[in-house]
Protein chains: 2
Amino acid sequence: MDPNEFKDFSKEMTDFIVQYLENIRERRVLPIVQPGYMKPLVPDEAPQYPEAWQNIMNDIERVIMPGVTHWHSPKFHAYFPTGQSYPAIVADMLSGAIACIGFTWIASPACTELEVIMLDWLGKMIELPKEFLACGDGNGGGVIQGTASEATLVALLGAKVKKIKQIKELHSEWTDNEIVGKLVAYGSLQAHSSVERAGLLGGIQFRLLETDGKHRLRGETFATAIRVDKEQGLIPFYVVVTLGTTSSCTFDRLDEIGPICNSEKIWLHVDAAYAGSAFICPEFRYLMNGIERADSFNFNPHKWMLVNFDCSPLWLKEPTYIINAFNVDPLYLKHDLQGCVPDYRHWQIPLGRRFRALKLWFVLRLYGIENLQKYIRIHVALAHEFEEMVLSDPRFEIVEEVILGLVCFRLKGTNELNEALLKRINGAGNIHLVPSKIQSNFFLRLAICSRFTESKDIEYSWKEIKLRAEELLDGQSLSK
Amino acid sequence: MDPNEFKDFSKEMTDFIVQYLENIRERRVLPIVQPGYMKPLVPDEAPQYPEAWQNIMNDIERVIMPGVTHWHSPKFHAYFPTGQSYPAIVADMLSGAIACIGFTWIASPACTELEVIMLDWLGKMIELPKEFLACGDGNGGGVIQGTASEATLVALLGAKVKKIKQIKELHSEWTDNEIVGKLVAYGSLQAHSSVERAGLLGGIQFRLLETDGKHRLRGETFATAIRVDKEQGLIPFYVVVTLGTTSSCTFDRLDEIGPICNSEKIWLHVDAAYAGSAFICPEFRYLMNGIERADSFNFNPHKWMLVNFDCSPLWLKEPTYIINAFNVDPLYLKHDLQGCVPDYRHWQIPLGRRFRALKLWFVLRLYGIENLQKYIRIHVALAHEFEEMVLSDPRFEIVEEVILGLVCFRLKGTNELNEALLKRINGAGNIHLVPSKIQSNFFLRLAICSRFTESKDIEYSWKEIKLRAEELLDGQSLSK
C-alpha cells in the first residue's frame with residue numbers, strides 16, 4: 001500500500017468511524033447472529049493477490065457489523081464501560097506508526113519516559129500517596145499493564161517472591177516448594193473472577209472470604225481467616241481488596257484491612273479497576289480511604305476514563321520484588337544505562353510492549369481534568385436518575401446502594417421471574433444488560449457505559465425494561 | 001473533541017505518519033537523549049482545561065521524537081523486526097472505534113469469529129497440520145496471544161494441568177503441591193529468556209539443556225535429561241522447542257524431539273516467534289519438519305509479517321487443558337451459547353481482549369499471500385547480501401549459518417575487540433545493532449528489520465561497520 005492509498009484509506013476509515021459512532025444509537029445493540037455466522041461470508045483462505053482497500057471498507061457492514069455488540073451505544077448497559085474516544089484513536093495511530101517495542105529504556109526512551117510521567121500525572125489526579133509515584137522520595141512508580149487481571153497476578157507474584165525471601169531468612173532449610181505449599185492469599189467472595197484466577201495461575205491457595213450485609217470484606221473476617229490459617233501452619237501473604245466490585249460496585253473496607261496487612265506483613269493489593277477513575281473527583285476519594293497502607297494499586301483508565309483498551313496502570317511502593325520475580329537478563333536485552341532507568345520488561349508478564357502512554361497523554365490533554373471529572377459526574381448522575389425511576393415503581397427494588405455508575409435492581413419476586421425478565425430484555429435486543437447473583441439473590445445490573453449517554457437514553461432503557469416486565473407479568477397473570 | 005475536530009486531527013496525523021515513515025531513513029536511528037530527558041519538556045501535572053490538538057501535533061517532534069529509537073528505519077538492525085504497515089494502522093483505527101472487549105462470544109461475536117477464521121487462514125498459509133485448525137476434524141484451534149512470552153506461559157500452564165490430572169489418576173493420594181514440586185520443564189540454553197521466565201512464573205523447575213555444535217537442542221540430549229530426572233523421581237511434562245532462536249536464529253531438532261515427547265507424554269510447545277512468518281514460503285517449511293508431533297505452536301506475525309504488535313497466534317491441538325487451567329466462570333460472564341463457541345477468555349491470561357483479528361484481515365487481504373512471501377524473500381536475500389559482504393572481508397567472520405534474515409558476525413579476534421566495535425557503532429548511532437554471546441563467544445547480530453530496507457541500505461550499514469572497525473583497528477595499532 002503506497003502512502004497516497006494510505007491517506008485515502010485513512011480518510012475513508014475516519015469518515016466511517018464518525019458515521020458509526022455518532023449514529024451508534026440507531027443500531028440494535030446486541031447482534032442477532034448465530035455461532036458460525038461469519039464463515040459463509042468470507043473465503044476459506046487468504047487471497048493470493050492483493051485486494052483493493054475499498055473491498056475491505058465494503059465488508060465492514062457486510063461481514064463485521066452484523067456480529068458486533070455495540071459497547072459504545074447508550075443502550076449498552078452490560079458489564080462495565082470500556083473506554084473509547086477520538087483522542088485515544090488518534091494516539092493509537094501514532095503508536096502504530098512509531099511501532100517501537102518498549103521493553104527496555106534504550107529500546108525507545110520516549111516510550112518509557114512518557115509512561116513514567118503519565119503515571120505520575122494520573123497518580124496526582126487521584127491523590128495517590130507520594131510513595132507510589134516516581135516523583136516521590138521513595139522507590140515507587142507505576143507501569144501500564146494490559147488488564148487488571150494481569151495487575152492482580154503481577155502483584156501476587158511479587159508478593160510471593162517477597163514472602164519466600166522473608167521465610168527463608170527464618171527457615172533457611174525450607175525449599176521454595178515447601179514454602180509455596182503453605183502460602184495463602186485472600187480476597188472477598190465478591191472479588192472479580194480474575195482474582196481467584198490469579199491464584200490458579202500463580203499456583204497458590206486462594207481463600208475467598210465472606211462479606212458483611214453490604215457485601216464488603218471486613219477487617220474482622222480477614223483477621224479471623226488469618227488466625228485460623230496461621231494456626232494450621234499456613235503463611236498468609238497476599239490480599240486483594242476490591243474498590244467497586246463487578247457484581248454490584250461495593251467497596252471492601254480498605255481502612256480496616258490495611259492495618260492488619262501491615263502488622264502481619266501481608267501484601268495489600270487494591271483493585272479499583274472500574275471505580276478508580278472516579279477518584280479524579282474529590283467527592284469520591286473517601287472511597288479509597290486507607291490507600292496509604294497498600295503495597296500496590298491498580299485501576300483501568302481503559303474502563304471509565306475514555307482511554308481505549310488496553311491501559312491498566314499499576315502503582316507499586318516497592319517494585320523491586322516484582323522486578324526480581326521476573327528478572328531474566330540475556331545479553332541481547334542489556335544496555336549501558338541499566339539500573340538507573342526503569343526497564344519495564346521486568347515489571348510485567350509479557351516481554352514486548354506497545355507505546356500505550358501516548359493514549360493517556362492525548363486523552364488527558366485534549367479533555368483536561370475538568371472535562372474528565374465532568375464525564376464521571378454525568379455518569380453517576382445518570383445512574384441516580386435511573387435509580388429514581390426504579391424506586392418510583394413499586395414492582396421493582398434496588399438491591400445495592402448506588403454509589404457510582406452502576407444500578408443493581410430486580411423485580412420484587414423470585415429469581416426465576418428476574419431471569420425471565422433478563423432473557424426477554426436481551427432477546428428483544430433494544431438494550432443489553434447482564435445479571436449478577438449475590439448469596440442466591442439474582443438481580444440485573446445496569447451500568448452507564450457510553451460517552452454518548454444522555455437522560456433521554458436512560459428514559460428509553462427504563463421504558464424498555466418496564467415494557468418487558470409488563471409483558472412478563474401480563475403473561476403470568478393470563479396463564480394463572 | 002467533536003467529530004469535525006477528529007477528522008482534522010486524524011488527517012493531520014495521517015500526513016505526519018506518511019512524512020515520518022517515508023523519510024525515516026534520514027533520522028538518527030538511535031536517540032542521543034539521557035535518562036530523564038523528557039521531564040523538563042512537559043508539565044508536572046495534567047492540564048486542568050483542554051488543550052488544542054494542534055499543541056499535541058507540535059509536541060511530537062519536540063517531546064517524543066528525540067527519544068524514539070526508530071525500529072522501522074532501514075538502519076535499525078537490533079533484536080528482531082517488529083511488524084508495521086499502513087493496512088495494520090487503519091485496522092487498528094477500526095478496532096479502536098468498535099472498541100469491544102471480546103472475552104466471550106456474545107460480548108462481540110464478530111471479534112471471536114474473525115479470529116477463528118483468521119487463524120485458520122494463517123494456519124493454512126504455513127501448512128500447519130489440520131489438527132491445529134478450527135476447520136480441522138479435531139478439537140484444535142488458534143487464539144491470538146499478546147506475545148510469545150504469554151504463549152509459552154499459557155502452554156506451560158495447560159501442560160501443568162494436564163500432567164497433574166494424569167498423575168492423580170495414578171497416585172490419587174498425592175497433593176497438587178507435591179506433584180508440582182516434581183514437575184520439570186525443558187528448553188535449550190539458546191531458548192529466549194521468556195522461556196526460562198515462564199518457568200519462574202509458573203512456579204516449576206525449568207532445565208536449560210546444552211545444544212550441539214550448531215547450537216540446536218538434539219533428541220539425545222533431551223532423552224538423557226529426561227532419563228536422569230525420572231531416575232530422581234521427577235516428572236518431565238513440558239518442553240519448548242525453538243525454531244529460530246533470538247541469539248542466532250538456529251533451529252532445535254524438532255524432528256528428533258517430537259517422537260520422544262509423544263512417547264513420554266511430554267507437552268511439546270514450538271516457539272517460532274520470529275521464524276514462523278517465513279513458513280508462508282514453501283522453501284522454508286523444511287525448518288518446521290516434525291511439527292505434526294507438537295501440542296502447541298506459536299509465531300508472531302507482529303514480528304515479520306507486517307502486522308502491528310500485538311498479534312501472537314497460538315495454535316493448540318487440544319485447547320481443553322488450557323481452558324480448564326483458567327476456567328473461573330462468574331454469572332456476569334455466562335451466556336446461552338457457552339460450550340458451542342470458543343470463549344477466548346479461557347484461552348489466555350488476561351480477561352479483556354481487543355479486536356486484533358482485524359489487523360490480520362486487513363494485512364492478509366491488502367498484501368495478499370504473494371506479496372507477503374515476496375517480503376520474506378527480499379529480507380532473506382538482503383541478509384545473504386550482507387553475509388557476502390562480511391565474507392569478502394578477511395578481518396571478519398560469520399559465526400552462524402545464515403538461514404533467514406539474521407546475520408551473526410564478528411571481527412576475528414577477542415570478545416573485547418568486538419565489544420569495543422559494537423560500542424563504537426551504537427555510539428555513532430548511524431545504525432543500531434545488539435550483540436549476543438554463545439558459549440563465551442561474543443558476536444554482533446544484524447537483523448533485517450524494516451519494510452523500507454533495500455540493497456543500498458545494507459551497503460550503507462556495511463560501510464558504517466567497516467568504518468568503525470577501521471577506526472578501532474587503527475587506534476589499536478597506533479597505541480601499540
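Computation of the quantities below employed the complete heavy-atom set of this structure, encompassing side-chain atoms and omitting hydrogens, waters and symmetry-equivalent molecules. This structure is a prediction, so every number in the text was calculated from the model and none was measured.
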Among N308(B), V434(B), V90(B), residue most engaged with chain A (heavy-atom pairs, under 4.5 Å): V90(B)
Region of F76(B) in contact with chain A, defined by heavy-atom distances below 4.5 Å: neither
Max heavy-atom pair count under 4.5 Å with chain B, selected residue of A46(A), A99(A), G96(A): A46(A)
Region of I101(B) in contact with chain A, defined by heavy-atom distances below 4.5 Å: both
Salt-bridge present (R365(B), D59(A); N to O < 4.0 Å): yes
Short N-O contact, D15(B) and K11(B), less than 4.0 angstrom: yes
Gap between atom CH2 of W105(B) and atom SG of C111(B) - 0.5 Å precision: 12.5 Å
Contact origin within N55(B) toward chain A - heavy atom pairs under 4.5 Å: both
Greatest number of heavy atom pairs closer than 4.5 Å to chain A - which of D176(B), N371(B), T175(B), L201(B): L201(B)
Pairwise distance CD1(I89(B)) to CG(D92(B)) - rounded to 0.5 angstrom: 8.5 Å
Interchain contact, L21(B) with chain A, by part (heavy-atom threshold 4.5 Å): side chain
Contact origin within T147(B) toward chain A - heavy atom pairs under 4.5 Å: side chain
Side chain, backbone, both or neither of I106(B) within contact of chain A (heavy atoms, under 4.5 Å): both
Chain A contacts, top residue of H72(B), E12(B), Q34(B) (heavy-atom pairs, under 4.5 Å): H72(B)
Heavy-atom pair count under 4.5 Å with chain A, highest-scoring of P350(B), S149(B), P66(B): P350(B)
Contacting moiety of Y79(B), where chain A heavy atoms sit under 4.5 Å: side chain
Close side-chain approach of V363(B) to S85(B), heavy-atom, < 4.5 Å: yes
Which portion of V68(B) sits near chain A, non-hydrogen atoms under 4.5 angstrom: both
Part of S194(B) lying under 4.5 Å from any heavy atom of chain A: neither
Backbone of H302(B) reached by a side-chain donor or acceptor of N300(B) within 3.5 Å: no
Top of H192(B), H432(B), R354(B) for chain A proximity - count of heavy-atom pairs under 4.5 angstrom: R354(B)
Top of G203(B), A198(B), P435(B) for chain A proximity - count of heavy-atom pairs under 4.5 angstrom: P435(B)
Under 4.5 Å from any heavy atom of chain A - which part of F103(B): side chain
Under 4.5 Å from any heavy atom of chain A - which part of Y20(B): side chain
Heavy-atom proximity to chain B below 4.5 Å, by part of V33(A): both
Between CG on residue D44(A) and NZ on residue K39(A), distance to nearest 0.5 Å: 5.5 Å
Distance in Å, T14(B) OG1 paired with Q19(B) CD, rounded so as to fall on 0.5 Å steps: 13.0 Å
Greatest number of heavy atom pairs closer than 4.5 Å to chain B - which of L30(A), I24(A), L41(A), L114(A): L114(A)
L351(B), part contacting chain A, at a heavy-atom distance under 4.5 Å: both
CG on L358(B) to CE on M93(B), rounded to 0.5 Å: 12.5 Å
Proximal component of E51(B), with respect to chain A [non-hydrogen, under 4.5 Å]: both
Reported CE-to-CH2 distance for the pair M118(A) and W361(A), which is rounded to 0.5 angstrom: 7.5 Å
